[in-house]
Amino acid sequence: MNKKKNLKQPPKKAVSQPVKPQRDYSIFLLWVVIGIVSIIRYRLISIPFERDEGEYGYIGNLLLHGVAPYKDAYSMKLPGTSFMYAIFMLFFGHTNSGVHLGMVFINAATMYFLFSAFKKIFHSFIGLATATIYGSMAISWAYFGVFAHATHFICFYSSIALLFLADYMKSGKMLKVFLCGLMFGMAFLMKQQAIFLILFGGLILFLHLKTEKNQSWREVVKNLFLFGAGIVIPYFVVLLIILLTGQFSIFWLWTVDYASKYESIKDMALITTQFSASFIRGWNTFYYIILAALGGMVVLLWSSYSRLQKIFVITYLIANLCILSSGFYFRPHYFIVTLPAIGLLSGIFIEFICKKIRLKSSNIPLLILFAIILYGLYDNRKEYFTYTPRALCDMIYAANPFDETQEIAKYIKEDTKDTDKIAILGSEPEICFYADRRSATGYLYTYPLVEKQPYNEMMQEQMIKEIEKNTPAYLVYFNNKFSWGAQPGTPTTLLDWANKYIPAHYTQVGIGDYFSNGTWQTFWGDDIKNAIPNPQSSFIVLKRNPAARS
């Protein structure tokens, strides 16, 4: 007898549907923010030069005319930033607008390189946070961001260096570690304080080779040698040019001897005042981002990142803070170098919080970040979208005559020949740039001459000799504390000489006066008879007497 078979079917297994990966919109949001920031920068490209820009622009123009660095213009800064200005002027014109147009591209490129580097070192959201927070803060009036300061170029070259470092950590290709060092070396040429980023890069490279790759000491030394070779090449090239052109003694005096004395000038009251004013300006504008960055420092310890990644974050922040505080001169634009680290830490905080509250969508952190960026743009909408370039410059720099220097330069240029020279008693090298006339003296600033440093008397006497020798067709004297910054107890040789030399050789043709209502007014020709210069803030334009031209 056949047994009846059990026809009951086993239960069907549920077929699991593959999880559809969420699309990463990071690159799209990056280009949106780059576009917005670039539009704002482009709208403000005609903003007048301030002093540092005037120096870089003038020296950059000399470079384009084949004049060796430090030959006719003295500076304690290495020529990297002036070289960047020369490139901008070569492609976009010898104007302040041309330089600022170059900054549009530099800023966009820095954001892209930061995104690419931190995407590889961490992941795309951290790359996006670092890049977009840097870009949106680096245009802020709070950090003088619309001006083309050296700190922007440090960020530019160091971002490329980090991208090469990330590539090397992924691929192990020796060329990448050399190029990483080369870009850090270029950052050093922009400003010597970038040495701290070089030390940071070397430390991370060493830890990667020993702790993650377990390379032998021979391989470690080989890689570090390539890294170091890349670093020294830019400086070596500059040094070679200086030696071949016979400017080594001047170069060494300004970039080593005087620069070291400048960094040692300490005034605790001034340090406290500068830091407080600069930090509060940034805090009032971006307190919510700074708080997020502080939160990122706290939650970093509990994040899921590797030990090397955590060390990277901490040492990167320390390196940028060292650049900021080097010499303890806390000017607003110095804070720009810290902005990538602030963006990095803010991204870590946003990501950590979103994970803790278990948000399912990976795009929620992107939306939060984008909302933060949009809020910052909205909160600063007047400065970004309403103020004219001139009004923004006046708002940022108050009693400084940066817009008026364009008028002075135009007057001088129209009344002089290309071969004529001019001299500025004060620190306004932008006049030489605008007028396209050579300075009668290599001293573009009078700041060093009235600082408490051992070379002040010698510098004053040398400036006097150069002016007397080159007989400038025009001389502009500034009676403005921002253009001198004289420290008590410094020599008055230059001013004593000017009080005798100017009346004997020059005639007043223009007077500028800063009024109590916060505006400048300039008088020319016969109108100067009715002008009563403000003893605290004014300038005088003087033309050399025909009989005194020899």
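In this chain, numbering begins with 1 at the start of the sequence shown. The analysis underlying the following values was restricted to heavy atoms, covering all of them including side chains, and did not include hydrogens, waters or symmetry mates.
The salt bridge (charged side-chain N to carboxylate O under 4.0 Å, His left out) test applied to Lys77 returns Asp52, Glu55, not counting sequence neighbours. The salt bridge (charged side-chain N to carboxylate O under 4.0 Å, His left out) test applied to Arg437 returns Asp418, not counting sequence neighbours. Considering only residues two or more places apart in sequence or on other chains, Thr441 meets the side-chain hydrogen bond (donor to acceptor under 3.5 Å, both in side chains) condition with Glu466. Residues meeting the ring pair (Phe, Tyr, Trp, His ring centres under 6.0 Å) test with Tyr112, sequence neighbours left out: Trp31. The ring pair (Phe, Tyr, Trp, His ring centres under 6.0 Å) test applied to Phe113 returns no partner, not counting sequence neighbours. For Glu383, there are no salt bridge (charged side-chain N to carboxylate O under 4.0 Å, His left out) partners at least two apart in sequence or on another chain. Taking the salt bridge (charged side-chain N to carboxylate O under 4.0 Å, His left out) definition, one finds that Asp526 meets it with nothing, sequence neighbours left out. Shown here are the side-chain hydrogen bond (donor to acceptor under 3.5 Å, both in side chains) partners of Trp484, two or more places apart in sequence or in another chain: there are none.
In this structure, Gln460 and Trp497 have side chains that are not in contact, with every pair of non-hydrogen atoms separated by 4.5 Å or more. When side chains are defined from C-beta on, Ser326 counts as touching Phe196, because their heavy atoms get closer than 4.5 Å.
A tilted orientation is assigned to the rings of Phe88 and Phe92, their planes being inclined by 30° to 60°. Aromatic ring orientation, Phe188 versus Tyr235: perpendicular (interplanar angle above 60°, classes split at 30° and 60°). The aromatic rings of Tyr143 and Phe286 sit parallel to each other, their planes meeting at less than 30°, with 60° as the upper class boundary. The aromatic rings of Phe251 and Phe248 sit tilted, their planes meeting at an angle between 30° and 60°.
Applying the salt bridge (charged side-chain N to carboxylate O under 4.0 Å, His left out) test to pairs two or more places apart or on separate chains, those with a residue in residues 61-72 are Asp72-Arg438. Screening residues 280-290 for side-chain hydrogen bond (donor to acceptor under 3.5 Å, both in side chains), with sequence neighbours left out, gives no hits. Listed by first and then second residue, the salt bridge (charged side-chain N to carboxylate O under 4.0 Å, His left out) pairs that reach into residues 468-486 come to none, sequence neighbours excluded.
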Practice item. Show the numbers, then the answer: is there a side chain to side chain contact (heavy atoms under 4.5 Å, CB included) between Ser325 and Phe330? Key: CA-CA 7 Å; Ser325 58; Phe330 295 102; 3.7 Å; yes

Practice item. Starting from the C-alpha separation in whole Å, work towards a yes-or-no answer on side chain to side chain contact (heavy atoms under 4.5 Å, CB included) for His100 and Leu44. Key: CA-CA 8 Å; His100 293 147; Leu44 297 169; over 6 Å; no

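To the nearest 0.5 Å, the span separating CZ on Phe385 from CZ on Arg43 amounts to 8.0 Å. Within the model, atoms OH of Tyr477 and CG of Asn499 stand 7.0 Å from one another, a figure rounded to the nearest 0.5 Å.
Taking the six-membered ring for Trp, Tyr70 and Trp254 have ring centres at least 6.0 Å apart. A centroid separation of less than 6.0 Å is found between the aromatic rings of Tyr56 and Tyr85.
Judged by distance alone, the side chains of Gln192 and Thr255 never bring a donor and an acceptor atom under 3.5 Å apart.
The closest donor-acceptor contact from the side chain of His152 to the backbone of Ala148 lies at 3.5 Å or more, if one exists at all.
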Just distance, no hydrogens or angles: give the donor-acceptor pairs under 3.5 Å from side chains in residues 331-341, sequence neighbours left out.
| from | atom 1 | to | atom 2 | distance (Å) |
| --- | --- | --- | --- | --- |
| Arg331 | NH1 | Tyr262 | OH | 3.3 |
| Arg331 | NH1 | Tyr334 | OH | 3.0 |
| Arg331 | NH2 | Tyr262 | OH | 3.3 |
| Thr338 | OG1 | Phe335 | O | 2.6 |

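Heavy atoms of other residues, nucleotides or ligands lying less than 6.0 angstrom from CH2 of Trp252 number 12 at most.
When all heavy atoms of Met137 and Ile342 are compared, the closest pair comes out as SD-CG2, 4.2 Å. Residues Asn107 and Ala138 come closest through the heavy atom pair OD1-CB, 4.2 Å.
Across Phe144, Trp520, Phe49, a single residue satisfies ring pair (Phe, Tyr, Trp, His ring centres under 6.0 Å) together with Tyr397, and that is Phe144.
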